[in-house]
Amino acid sequence: KSYGFDLSTDNDNAIANYEDNDDKFPSCEIYCTGNLLHTIQTANPKLFSDSKTFVDMKLNNSPDKTLADFEALMQAKNQTPTSEDLKKFVDEYFSPKGTELEAWTPTDWKENPSFLDLISDPDLKQWGAELNNIWKILGRKMKDEVSKNPEYYSIIPVPNPVIIPGGRFIEFYYWDSYWIIRGLLYSQMHTTARGMIQNFLSIVNRFGFIPNGGRVYYHGRSQPPLLTGMVKSYVDFTNDDKFAIDALDTLEHEFEFFTNNHSVTVKNHTLCVYRDSSAGPRPESYREDVETGEEFATEEEKELHWSELKAAAESGMDFSSRWFISKDGTNDGNLTNLATSSIVPVDLNALLYWNAKLIAEFHSKAGNIKKVTEYETKAEKILQGIQEVLWNEEAGVWLDYDMKNEKPRDYFVPTNLSPLWVKAYNISESEKISASIMAYIEKNKLDTFPGGVPNTLSYTNEQWDAPNVWAPMQYILVEGLNNLNTPEAKNMSMKWATKWVKSNFKAFSKDRHMYEKYNADQFGVGGGGGEYEVQTGFGWSNGVIIEWLSKHGRDISTGAAGGGGAAATRVMSVVGVAAVTIVALIAGRFLW
Ligand SMILES: OC[C@H]1O[C@H](O[C@H]2O[C@H](CO)[C@@H](O)[C@H](O)[C@H]2O)[C@H](O)[C@@H](O)[C@@H]1O
């Protein structure tokens, strides 16, 4: 079946739940589940150093022939083929990863985007130009044959070229694309940004939701819902209200789909959790999931474990102690303690509130008064849930809620502050909230890390734990504090933005790479841990830096000390800088 890429919206035809997925993702019988996938991904010795390699390879024959010939091989080898037998089969029946894609230079790429004029420091300006060049390296276009014969590929066909994250991630990722698109908009690449948003609209129209990334094996889960936020960004840059109005049916559909499939009732409020709807290990990390699954005795327990792994992947934070619930109800443990779907996450509910508010705003542009009221009411209900279930007066911040133990999880994650970013709080209480957030920052010593604010304060060797620090999370913190609009919060926001720009710059100057994640304990160093090597490229890291160079490039310089530059010296007292320095040195960390 080939895709016609009909961008029109037809909610009646879009699926209302995940049930019809098998039809919608025709190559799933090869790439999502089954004996072939299991046998190749668990071969001993292993065939691939990264499990994702196999599921990104193209089929040379139809799925039916491939499966039939594989079964014949299994029979011929008495169900116990050697690794060598399997390697021969893969070489004959699959083509290398990436053959379905072509490098693509965005047609709207500009040599000298105007944001470069907003940067004073010559070294930062040069760096900005190099980051702008990277858009050309990260551009990918699908070959026409993909949409004609999608059953030969794990990649999900989309009509327009995309900017990928980079490294092993050669397809689109849902939430990464939010920061990539903002970076493109700041780089005056409106056509590429619009094309990527249209891809997502087309995907919602075809499947009802946006999968985690652009591969069929991500079919059971999404990622933090940011499509409506992407449309808002596009409209803010272009004033093209019609684009948002035309997208409304699809945006509503994504919102309804997401809330229908993720809701829970807590303390009489309907809120959402991250969740997955598929069976089995993650195909792209099959071997790893089979190994952690060994810890469980029954098939049912294994399935539950895999489902919690995939729910964590839906959150974008795969993996993190944020999702561990130990026997005594703490965040201690390891991947076997994952209980993602029992934790009500602050960020997801704040984002859904934002979605509802934006949909109401777009309806108001269209003059659809009834719809404005409908979505304002939905937003208000989510806000009440956030306030009554997730706001924690004692901690002075929002906290994830543990439904198993019926208690808040008082552990730092940047997402605890995410309502500030999307204004999911009562604005009239900004002063009070600002005081309590600043006290929370102080109490958790969040300002003492030389390389940015870590994702948690637990050192577990998982990639979304300390000491790793991630661009989207720095963004949420910095933009959220800025929104609070009090002098203290704005100062901290500027200080953290400056530190992040300078730390990324140091790493780039040294290694010539933008990293997927960095190290909070060391200034200018890439991150590590988790199940794959740190990746370079890197879409969201580039996007965030381009945005902050555009916004603050006149105030940041590479020369000045303090993790800040001209702006930081303006907003912080000298005493403040010295205090931060002393605290960091006492903690045995190097500032730069
Ligand atoms: O292959 C392992 C996991 O890789 C992805 O997760 C990480 O990279 C994504 C792309 O940058 C990012 O969106 C995510 O936040 C990262 O943790 C993938 O999204 C996972 O589903 C996958 O299991």
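Nothing here was measured: the structure is a model prediction, and the numbers come from that model. We count ligands from 1, going down the list as the structure has it; atoms in each ligand are counted the same way.
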**Report entry** Sorted by chain and number, the residues that approach ligand 1 to under 4.0 Å with a heavy atom
**Finding:** R168, F169, Y173, W175, D176, N212, Y218, R221, Q223, R282, E284, S285, A313, G316, D318, Q463, W464, E531, Y532, F538, W540
Query raised in the report: Mind checking what makes side chain to side chain donor-acceptor pair (under 3.5 Å) contact with S278, not counting sequence neighbours?
Result: D276, K310
Query raised in the report: Taking the inter-plane angle between the rings of Y178 and Y475 on a 0 to 90° scale, is it parallel (under 30°), tilted (30 to 60°) or perpendicular (over 60°)?
Result: perpendicular
Report task. Would you mind checking if E284 and R221 are paired as a salt bridge, meaning a charged N to carboxylate O distance below 4.0 Å? Result -> yes
**Report entry** For N133, all residues meeting side chain to side chain donor-acceptor pair (under 3.5 Å), sequence neighbours excluded
**Finding:** none
Report task. Apply the side-chain contact (heavy atoms from CB on, under 4.5 Å) test between Q198 and each candidate in V158, I203, N160; give the one that qualifies. Result -> N160
Query - Those residues that, when tested against Y93, pass side chain to side chain donor-acceptor pair (under 3.5 Å) (two or more places apart) - result: D69
